[in-house]
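Worksheet: the structure to be examined is printed underneath.
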Amino acid sequence: MMNIVVAIKVVPDDQDIQISAAGELDMSKAHQTISAYDLNAIEAAAQLAQAVGDSKVIALAVGGSAIDESKLKKNILARGAEELVMIADDACADLDAHATATVLAAELAKIGDVDLVVCGDGSADNYAQQVDVQLACKMGVASVNGVVEMSAAGSTLTAKRKLEDVIETVEAQLPCVVAVTPDIALPRIPGMRDILAAGKKPMNVGAADAAAETCLETIEIKAPEATERKQEVSNASDDGAIDAFVAALKAAL
Amino acid sequence: MDFNLTDEQELLIDSIKEFCERNFDEQKIREMYANHGMSDELIQAYLEAGFGLMGIPEEQGGIPCDLVTLGILTEEFAHYSGCITPFLNNTLAMRDLIDFGTPEQIEMGMAAYMETGKPIMSLGFSEPASGSDNMNMSCVTKKQADGTYILNGQKTWVTQGEVFPYVLVIAKDEDNARENREMSMWLVPKEIDGLSTAPLQKIGQQIMPFCEMYFDDVVLTEDMRVGKQGEGFKNLMKNFETERCLIVAQSIGCAQAAMDDAAAYVNERITFGKPIASYQLIQLKLAEMEIALQNSRNMLYKTLWKMDNGQSVRIDSALLKRYACMECTKVASEAMQIYGGLGFTTETRVGRMWSDLRGFQIAGGTDEIMVYIAGRQLAKQYARK
Ligand SMILES: Cc1cc2nc3c(=O)[nH]c(=O)nc-3n(C[C@H](O)[C@H](O)[C@H](O)COP(=O)(O)OP(=O)(O)OC[C@H]3O[C@@H](n4cnc5c(N)ncnc54)[C@H](O)[C@@H]3O)c2cc1C
């Protein structure tokens, strides 16, 4: 029996973000959505809960008041979590990793009795890959990231980590914090029953106890500048064209 | 008036989109059309996602939903899959079985459906000389001294007739004279003695092949009867309105997919140094295609809403089917025109959509028969009192 918390970031849907000529990002028309990698995290948590049996997955999300949106909450709960805890508070909008980890740790302490915290590989917007490690540090528990496979028995988590050139198998004492790679599990597509059930699951939405302190200051966020196409065309049937093409590629890298 | 979708309907659309992104791409679709079918796994996945359970009563293990939601499912599935799949037909066949079948027939049909996602039966209504003109039916059963019945006659254009293990046949009782209005429905095993089939080649919607069926002294027993004796025609008519609306939903989704492609292409295709989007003749096409789609969609959901609210849609459903099926074919035809030569090749999907959509101007009641149904009623409705 395990209580698994999956930490979810709510981000503006990148398909709706508009970029001005000056490279500014306009998110005013963007819908709030689940950060893409967190879908894999929810699925991994749900599969682990099922494998262990008699277990529960609680989704935990922290963000500005805009994340308290009814469709979004049902979306989270249609994907394998039994319960949602959401801190939707403008004091928690655009937090950096340090502040996010602080608020998450406070909420986890309130939930109590948590055996495992599952995070995604990184967030779809910043992709700093920091929250999971900083959260583990605050909780004083082990942090295991890059996880492609995991199982739990007794008070031990066994996880496979995908590193540069090896797969490492580690054991960690529960409770601990893991960050899973997208390879770990293909997110389920919520079926009609899941969707209908989602609205009936518990949703605890509240405010943060204290304003979390951020330690990063964002100066600006800009889209990468588009580079002009070089428009060099090589004709494969010309003598030496392939070599010239390869040389041009190498020169450009 | 509230045109908002519920959270659940929006999430359903998101799930349909994800499902289609995972399971359909042009190569897979081409294989399905070439093989005249799709994999058992895909059919099962559709059921497991709950899509195939929508519109089936809870007592049967289904997920009850209103017709508006069933319309959304049907439209968006056709839109995101980009092709005409058998799923709507499957659901309609199951609804027919549940509405008309005996408890034993329903139990057998649902058990098979829950396991495979496939209905047990095709629908054999049309005959070579009796499509629009149902009364002209030649199929007839004659009761024998031993209590069995002998069925003779022919059915045609039976969708999936060679695929499913049974066929729901409608035949006249005792006498196939035109005046005889007494008909019954029968659930006939495809492998029964005296029943033979011959495939027919379609020019669209090839994932679902259709066939001819010949009944030559086929012996039927009372337990094969579906619904009450003599009420076959009445039953047949009962589900036509829903069927027509959902055929339209499928048409709109498919036409929307053609619109998506063509309306994006106008920005990319350059002629005379400018994107074709800059030409007024192309803009006119886009405007008219969008009007057709929006009108069709508005009529569809209003009609479904009326049905959900217990209002008569006898006129609305006929007007809807006539208008929307013709307009949707036109949308796909204009999409082909926008693509020029490319539109007439298999490099784009708009040509396939066009031939798929063309079939809906005939299946489930022709454009002309819809006028026939609605026209008489309209004259009555507007007659001076
Ligand atoms: C894709 C597809 C799938 C089908 N699947 C099935 C199936 O699963 N089971 C099944 O039983 N049938 C099926 N059908 C058959 C379909 O129901 C018939 O083709 C349809 O009802 C028309 O009948 P018909 O072909 O005999 O045309 P006819 O009735 O012969 O009509 C010929 C033409 O005359 C017009 N016409 C007829 N009567 C009138 C009138 N009174 N006034 C004005 N015009 C008139 C028609 O509109 C049409 O243009 C399918 C057809 C198609 C195209």
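Only this structure's heavy atoms are used, side chains among them; waters, hydrogens and symmetry mates stay out. By convention in this document, chain letters (A, B, ...) are assigned in the order of the sequence lines, proteins followed by strands, and residues within each chain are numbered from 1.
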Taking atom [atom1] of [X] as the centre, does the number of heavy atoms from other residues, nucleotides or ligands within less than 6.0 Å exceed 12?
X	atom1	answer
A/Lys160	NZ	no
A/Tyr37	OH	no
B/Lys302	NZ	no
A/Asn204	CG	yes
B/Glu21	CD	yes
A/Gln15	CD	no

Item checked: Value rounded to 0.5 Å, distance of CD1 in A/Ile195 from CD in B/Gln9 -> 10.5 Å
Margin query: Quick check on the interface: out of B/Asp14, B/Thr6, B/Asp7, who has the most heavy-atom pairs with chain A under 4.5 Å?
Written below: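 When all of B/Asp14, B/Thr6, B/Asp7 are compared, B/Asp7 has the most.
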Check: Between B/Leu53 and A/Arg193, is any pair of side-chain heavy atoms under 4.5 Å apart?
Finding: yes
Check: Which heavy-atom pair separates A/Ile189 from B/Ser15 by the least distance, and what is that distance?
Finding: CG2-O, 3.4 Å
Item checked: Minimum heavy-atom distance between A/Arg188 and B/Glu18, given as atom pair plus value ->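 So the two residues come closest at O-OE1, 4.3 Å.
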Item checked: Trace of the side chain to side chain contact (heavy atoms under 4.5 Å, CB included) decision for A/Leu186 with B/Arg22 -> CA-CA 11 Å; A/Leu186 181 67; B/Arg22 280 192 204 170; 3.5 Å; yes
Notebook entry, point to check: Can you pull out the residues in residues 48-80 of chain A with any heavy atom less than 4.5 Å from chain B?
Noted result: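 From residues 48-80 of chain A, the residues near chain B are A/Ser70, A/Lys71, A/Lys74, A/Asn75, A/Arg79.
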